[in-house]
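Taking it in order: structure first as structure tokens, then the write-up.
The residues of the chain are indexed from 1 along the displayed sequence.
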Amino acid sequence: MSITPEQAAHELRDAVVSLPGRVMTNPDTYARGAELGFQGMDFYVAGRGGVLGDVPAGVVTAAFVFFAPDTVRAAWERSAAVMSRRQAAETWAAGFHSWATANFPDDRDWSMCTNLLGRVIENALLAGAPLFAGWRSLTEPDDPRALALHRLNALRELRGALHGAAVLTVGLLPIEAIAVSTPGMLKTFGWRTDRIDTEPLHQRWALAEARTDRMVGRSLSVLDETERGALVDMLGNLEP
């Protein structure tokens with residue numbers, strides 16, 4: 001299948017966002033965090049933000065974009081006593097690796113998938129994407145299925161950073177973006193309201209999504225049309 005970079009970015013959106021997201025929202029992930037001594041969503045904040053190093057909570061809030069600052073600050077400060085930031089990030093990543101080896105099917109060419117994803121993330125710009133840059137510094141697993149999800153989450157962090165920039169440049173507040181895209185997640189993201197009139201916001205949201213596809217597409221342009229099509233085919237209908 002031949003496909004343009006921007007089309008590929010659009011077609012890959014669900015896989016890029018949802019597959020790593022399944023690990024992040026899996027009850028087993030939170031159970032593992034509790035075993036390690038984390039409270040609530042502290043494992044998420046410490047694990048995902050840990051790639052930034054031992055930074056103030058405001059830096060993590062800036063990188064997360066869509067979370068309420070007070071929620072990030074409380075979790076980041078509580079989690080400091082559990083383990084080092086780097087250890088939290090490595091432990092968080094290990095959860096992705098374990099999930100992939102247990103859930104990804106055997107009917108895909110994972111070696112090809114990891115190769116294609118690797119070329120994309122290796123050549124992508126780091127500008128404005130601190131979590132992506134930090135995730136790239138983590139040790140990669142040997143198992144090809146684990147490596148595929150590891151690199152897919154790198155692409156997720158890249159997309160997330162670019163999407164955050166797109167949302168802000170169209171004039172949406174982070175809380176407004178969540179209200180439009182996933183209103184049921186407002187409280188999870190720490191926002192204390194679910195009464196936002198989203199009717200006038202949808203056009204801006206669509207523009208932000210289009211800009212995100214365009215920017216992610218630039219990273220996917222390192223692949224040729226056939227390779228982009230192959231990546232969409234491998235990941236587009238993945239239902240572990």
field: Minimal non-hydrogen separation, P144 against W110, with atom names
entry: CB-CB, 3.8 Å
message: Between R136 and E122, does any side-chain N to carboxylate O distance fall below 4.0 Å?
response: no
- prompt: Are R145 and D106 ion-paired here, with the side-chain N under 4.0 Å from a carboxylate O?
  reply: yes
message: Checking S219 against R119 for the side chain to side chain donor-acceptor pair (under 3.5 Å) test, could you report, in this order, the C-alpha distance in whole Å, the side-chain angles of both residues, the deciding distance, and whether it holds?
response: CA-CA 9 Å; S219 296; R119 286 166 54 198; over 6 Å; no
message: A side-chain contact here means heavy atoms from C-beta on lying under 4.5 Å apart; do W99 and D28 qualify?
response: no
query: Is it the case that one hydrophobic cluster holds both L147 and L12, taking links as side-chain heavy atoms less than 4.5 Å apart, direct or via other members?
result: no
- prompt: Is it true that atom CG of D142 has more than 12 heavy atoms of other residues, nucleotides or ligands lying nearer than 6.0 Å?
  reply: no
field: Shared hydrophobic cluster for V17 and L117 (ILVMFWY, side-chain gaps under 4.5 Å)
entry: no
- prompt: Linking I/L/V/M/F/W/Y whenever any side-chain heavy atoms sit under 4.5 Å apart, do L125 and L155 land together?
  reply: no
- prompt: W135 and F96: aromatic ring centres closer than 6.0 Å?
  reply: yes
message: If the condition is ring pair (Phe, Tyr, Trp, His ring centres under 6.0 Å), which residues does H10 pass it with, not counting sequence neighbours?
response: none
- line: Here the side-chain hydrogen bond (donor to acceptor under 3.5 Å, both in side chains) pairs for residues 63-72, sequence neighbours left out, are D70-R73
- request: Assess whether atom CD of E35 is packed by more than 12 heavy atoms of other residues, nucleotides or ligands within 6.0 Å.
  value: yes
message: On a heavy-atom basis, which atom in E176 and which in L201 lie closest, and how many Å separate them?
response: CB-CD1, 3.7 Å
task: Begin with the C-alpha distance, continue with both residues' side-chain angles, and end with the deciding distance and a verdict on salt bridge (charged side-chain N to carboxylate O under 4.0 Å, His left out) for E209 and R159.
output: CA-CA 10 Å; E209 281 286 293; R159 188 193 185 280; 3.5 Å; yes
task: Would you sort out whether F189 and F66 count as a ring pair (Phe, Tyr, Trp, His ring centres under 6.0 Å), showing the intermediate values?
output: CA-CA 7 Å; F189 279 68; F66 298 103; 7.2 Å; no
task: Please check if any side-chain donor atom of R211 sits under 3.5 Å from a side-chain acceptor atom of T169, or the reverse.
output: yes
message: Counting only heavy atoms from other residues, nucleotides and ligands, does the tally under 6.0 Å from CG of L168 exceed 12?
response: yes
message: Counting the benzene-type ring for Trp, do H150 and W92 have ring centres under 6.0 Å apart?
response: no
- request: Look at the side chain of T29 and the backbone N and O of V23, then say whether any donor-acceptor pair between them is shorter than 3.5 Å.
  value: yes
Name every donor-acceptor pair, under 3.5 Å, that has one atom in a side chain of residues 45-53 and the other anywhere in the protein, sequence neighbours excluded.
| unit_1 | atom_1 | unit_2 | atom_2 | d |
| --- | --- | --- | --- | --- |
| R48 | NE | E157 | OE1 | 3.4 |
| R48 | NE | E157 | OE2 | 2.9 |
| R48 | NH1 | Y44 | OH | 2.8 |
| R48 | NH2 | E157 | OE1 | 3.0 |

- prompt: Does the cation-pi check pass for R85 over W76, that is, NZ or CZ under 6.0 Å from the six-membered ring centre and within 45° of its axis?
  reply: yes
- prompt: Could R151 and E140 be called an ion pair, given the rule that one side-chain N must be under 4.0 Å from one carboxylate O?
  reply: yes
